[in-house]
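Proteins get letters first, then strands, A, B, ... in listed order; numbering begins at 1 in each.
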Amino acid sequence: MHAYNPSKIEKKWQSYWLENKTFRTPEDEEKPKYYVLDMFPYPSGDGLHVGHPEGYTATDIVARYKRMNGYNVLHPIGWDAFGLPAEQYAIRTGTHPKQTTERNIGRFREQLQMLGFSYDWDREVNTTDPDYYRWTQWIFLKLYEMGLAYQDEVPVNWCPDLGTVLSNEEVIDGKSEVGGFPVVRKPMRQWMLRITEYADRLLEDLEDLDWPESTKEMQRNWIGRSIGADIEFEIKGHDDSLRVFTTRPDTLFGATYMVLAPEHHLVEELTTNEQRDDVEAYREEAAKKSDIERQEMNKEKTGVFTGSYAINPASGEEIQIWVADYVLAHYGTGAIMAVPGEDERDWEFAEKYGLPIIRTVEPPEDFDGKAWTGEGKSINSGFLDGLEIEEAKLKMIEWLEEQGKGQKSVNYKLRDWLFSRQRYWGEPFPIVHVDGVPKPLPEDVLPVTLPEVDDFKPTRTGEPPLARAKEWVETTDPESGKPALRETNTMPQWAGSCWYYLRYISPEFDGGPVEKKKENYWMPVDLYVGGSEHSVLHLLYARFWHKVLFDCGVVSTDEPFQKLVHQGMILGEMEYTAWRRGGEYLAPDSPKIEEEGVERVRLSETDVEKRGEKFYLKGSDVEVEARAYKMSKSRGNVINPDDIVRQYGADALRLYEMFMGPLEQVKPWSTRGVEGVYRFLNRVWRLMIDEKSGKLHSHLSDEQPTRDQLKALHEAIKKVTEDIDEMRFNTAISALMVFVNEANQWENLPKEVLESFLLILSPFAPHLAEELWSRLGHEKSLAYELWPKAEEDYLKSETVMYPVQVNGKVRGEIHVDADKAKQKELVLEAAKAEKNVSRYLESGELVKEIFVPGKIVNLVVKE
RNA sequence: GCCCGGGUGGCGGAAUUGGUAGACGCGUCGGAUUCAAAAUCCGAUGGUGGCAACAUCGUGCGGGUUCGAGUCCCGCCCCGGGUACCA
């Protein structure tokens, strides 16, 4: 038997590519370059899941395609290997994270090679390698030098039971996501990066990037730039004044009270003796809650009066100053002027505590709601009355500036980046503390490597695990020779991924993170593919670092990633579910399905039928829920790529993942669908190989291809080429299938045609294409063959078909010689003569003729 | 609540600028091959009516523009993702 045997040919070609270094990045700079990048994976213990090959196949297709189009292609891969899972595993088992990481990387590498990706394996980077993090530390020194890294005492989410700080995302309802342990807010000395300094550039430079609009929008929202004014309020009986930020200076006349965040530095001073107990109690209560809890408990606003009064600078009225946790300490100045008439939050608060409300914008006549936040003319606002909001804002700012009571101001939601973690498995900071003062280490002592410790668990006091390495911590300042203590915090996982795309360019270079000349050639990344879950964090942090590196002359572009695409998530297989209690079925939306004794019934596709909008158990009225879920271990719907490759081969997996639908879209897995593309690959095989003899089929010939054959081929070339350019891989594959379906009908197959076909198939199913290519007598890999060009000449057909409509409905079609197809009169003549069309013309009066050359004929007939 | 996506056969999806709605694949049904099955090959496959030719309805719902609307405009509904007291 000589059937298509993917496991055999795939292994063969994978070793061929590795041994011959087929995909080594060219070192010459004569050809145009193309840098195609995947978001590198965190090598988890679970190995690859089917989501990884989705994006990786897409970039691999593009990489292979670009090589065949004469580009020098840089297509690397590496490992984002610092991180919590390896450390948690180390805490549990005592295995050094280095070992876990190494083992996992080995597995990932094997799996990626098994899928036939054309990476340059000589450029692998690993963020945990001291030769790599040496440069992560070097970049940190640059940040420090530029005044962008600083230490600050900030409250963090500290989880004593896990012995670590957690990010906001890792805290749910005041408990740790992992294990459900309590989390407390605790001020700790932390390293911060001044990303806010770059807020404007990060915002403005989004403009020119070829990124998904939604991702750009998320970054814009995250940066959250808003324009307004800072206004100074005098405090009755105090020298201090209160400054607030507002985007609505036009509403100043309606500011009827003020609110300070509980953490505001003036709270204590402004609290009168009668109010002190209440205010203290309120602040204490607020301090206990995490940010997240505060947001959760926001159903009803709370607050207390300080007893002090401020003066509204516009109206001159005395207004009460309150403390309430609906005002955030870290946004603006931590204090607001409250304008209940124009702000829903303030309205709610004012109503609850009986504070005065003044409208300053005329609501529409039929408006009967509370705060009015829409457009309108100013009212009750002295010199602003009658103005529209925008004009009123300008005039108020002008007035404030004249009075010296305020000025135009811009604020950001973006906060500085908390850059340190109390963990072991991360990059050490290149910092020592001499006499308690942090001091950067000189470049030439880098890397500061991780010391060995006997316990990876942080201490209960919050001291990082590195503090246990006494001999490492206690060192001397290489410059002054004084005793010094090393920084024991480590960098967060984002650090290494902020610049890895630069290291690929010159992975061995030891004069800096990247070699200047090569950087100049390869940057920016032309295509970057990865999940949308990194829309803000990774992609914002990396852009920030890149801009810093640009400012200090390390890189030549001000943005790293020119084009960005997110692959959509792959869900588990479609599930049909009914619920039953006793013998009785329950409706899917019944609240009873959560109850005990209710049994879940998994149904197969053949058990259900669709009626109207809903699915039912066949032949019954039992409603069935039909949907696909996220893959998860607990649900048991995880598809393992290894299994798929074993059964159908890597080419089938690659092809299926691209054929499922548009790359960016969320889509459910279907193993049946894999079988479909597997059948297609088999048809390709049998088209050329005689399964009895295992040799080339006898109907392969050296004859000249016919016109029809050339037409079929060049239509496929055209479609596949355009579709790869636009990253529409699903329709490209469909075009390949159409060609094979047609070629299967042919009596003889000119090799010339098949060769071109194999070339356009090769980015998608590289193993099969290489195998058949070599069987056609080629000695070298097809990886650098020239991509075939679609010849317009062959695409022309001898006749042109026109659908003929009567009143916009298709009633027939006509075929016209191609050279006469643009002749209006002739085409209309033929159209009117068509038999099913003519009967409509007989029964009515022809009032209008629409002729769209090459497209359609429409005849408008009246009654 | 707000901001983005998206609703097309039994299913995944196609229709590139307003021009034959349903390419390609899955599934289903029928046939060929086979002792039988798997595999393979051929054919049919949106609904309804009809022996058929054909007609009619049909792209979430309701309107509109147009010779012609899945595609454009107005008003809704539903689903997915993000975000949330940011003054």
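Between the CE atom of M801(A) and the P atom of U20(B) there is a distance of 9 Å, rounded to whole Å. Spacing between atom CZ of R248(A) and atom C1' of A87(B) amounts to 11 Å, rounded to whole angstrom units. For the pair Y840(A) OH and C54(B) P, the computed distance is 10 Å after rounding to whole Å.
If Y576(A) and R811(A) are placed on RNA chain B by their nearest nucleotide, the residue sitting closer to the 5' end is Y576(A). In terms of position on RNA chain B, the residue among R839(A) and F245(A) whose nearest nucleotide sits closer to the 5' end is R839(A).
Comparing atom distances between the F615(A) side chain and each of G10(B), U20(B), A14(B) picks out G10(B) as nearest. In the set C85(B), U20(B), A14(B), the nucleotide with an atom closest to the side chain of V810(A) is U20(B). Among the nucleotides C57(B), C42(B), A87(B), the one closest to the side chain of L328(A) is A87(B). Of the listed nucleotides (C57(B), G19(B), C3(B)), G19(B) has the atom at the smallest distance from the side chain of Q805(A). Ranking A87(B), G68(B), A14(B) by closeness to the T731(A) side chain, first place goes to A14(B). Here C11(B) is the nucleotide among G19(B), C11(B), A14(B) with the atom lying nearest to any side-chain atom of M574(A). Here the nucleotide nearest the side chain of S226(A), chosen from U20(B), A87(B), U40(B), is A87(B). Taking every side-chain heavy atom of K301(A) into account, C85(B) is the closest of G82(B), C54(B), C85(B). Checking G12(B), C54(B), G19(B) against every side-chain atom of P668(A), the shortest atom distance belongs to G12(B).
U8(B) and G47(B) have their C1' atoms separated by 14 Å, with the value rounded to a whole Å. Taking atom P in both C2(B) and G13(B), one finds a spacing of 28 Å when rounded to whole Å. A53(B) sits 16 Å from G49(B) when the P atoms are compared, rounded to a whole Å. Annotation: A14(B) and G70(B) have their C1' atoms spaced 12 Å apart (nearest Å). Rounded to whole Å, the P atom of C54(B) lies 29 Å from the corresponding atom of G60(B). Distance noted for atom P between G30(B) and A37(B): 13 Å (whole Å).
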Q | From CA spacing to verdict: salt bridge (Lys or Arg N to Asp or Glu O under 4.0 Å), K824(A), E849(A) | A | CA-CA 10 Å; K824(A) 183 174 176 180; E849(A) 297 164 340; 5.7 Å; no
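A 3.5 Å limit on both hydrogen-bonding distances identifies G1(B) as the Watson-Crick or G-U partner of U83(B). Here A55(B) sits opposite U48(B) as a Watson-Crick or G-U wobble pair (both hydrogen-bonding atom distances under 3.5 Å). Judged by Watson-Crick or G-U wobble contacts below 3.5 Å, the nucleotide C41(B) has G31(B) as its partner. When Watson-Crick and G-U wobble pairs are counted only if both distances are under 3.5 Å, C76(B) pairs with G60(B). Look at G25(B): its Watson-Crick or wobble partner, with both distances under 3.5 angstrom, is C11(B). Partner assigned to C67(B) is G19(B), using Watson-Crick or G-U wobble distances below 3.5 angstrom.
For the pair K393(A) and E390(A), the salt-bridge criterion is met [side-chain N within less than 4.0 Å of a carboxylate O]. A salt bridge does not link D690(A) to K692(A): none of the charged side-chain nitrogens sits closer than 4.0 Å to a carboxylate oxygen. Using a 4.0 Å cut-off between a side-chain N of Lys or Arg and a carboxylate O of Asp or Glu, K862(A) and E845(A) do not qualify as a salt bridge. Between K370(A) and E351(A), at least one side-chain nitrogen of the basic residue sits less than 4.0 Å from a carboxylate oxygen of the acidic one, meeting the salt-bridge criterion. With respect to E348(A) and K352(A), no salt bridge is recorded, no charged nitrogen being found less than 4.0 Å from a carboxylate O. The pair K711(A)-E715(A) counts as a salt bridge, with a side-chain nitrogen and a carboxylate oxygen less than 4.0 angstrom apart.
Between Y326(A) and F349(A), a ring centre-to-centre spacing shorter than 6.0 Å is recorded. A centroid separation of less than 6.0 Å is found between the aromatic rings of Y802(A) and F851(A). A centroid separation of 6.0 Å or more is found between the aromatic rings of W746(A) and F757(A). Here W669(A) and Y656(A) bring their ring centres to under 6.0 angstrom of each other.
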Using a cut-off of under 3.5 Å, enumerate the N/O to N/O pairs linking the protein to nucleotides 24-34 of chain B.
{"residue": "C24(B)", "atom": "O4'", "partner": "S734(A)", "partner atom": "OG", "Å": "3.2"}
{"residue": "G25(B)", "atom": "OP1", "partner": "N741(A)", "partner atom": "ND2", "Å": "3.2"}
{"residue": "C26(B)", "atom": "OP1", "partner": "R679(A)", "partner atom": "NE", "Å": "3.0"}
{"residue": "C26(B)", "atom": "OP1", "partner": "R679(A)", "partner atom": "NH2", "Å": "3.0"}
{"residue": "G27(B)", "atom": "OP2", "partner": "R679(A)", "partner atom": "NH2", "Å": "3.2"}

Using a cut-off of under 3.5 Å, enumerate the N/O to N/O pairs linking the protein to nucleotides 60-62 of chain B.
none

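At least one donor-acceptor pair under 3.5 Å links the side chain of E342(A) to the backbone N or O of T360(A).
With its glycosidic angle more than 90° from 0, G62(B) is assigned anti.
Residues E54(A) and K667(A) form a side-chain contact, since some pair of their non-hydrogen atoms from C-beta on lies under 4.5 Å apart.
A heavy-atom distance below 4.0 Å to RNA chain B is reached by these residues of residues 722-729 of chain A, ordered by number: E722(A), R728(A).
At a cut-off of 3.5 angstrom, counting only N and O atoms as typed in the model, there is a donor on one side and an acceptor on the other between the side-chain of K719(A) and the base of U16(B).
Using bins of under 30°, 30° to 60° and over 60° for the plane-to-plane angle, the ring pair W322(A)/Y353(A) lands in the tilted bin.
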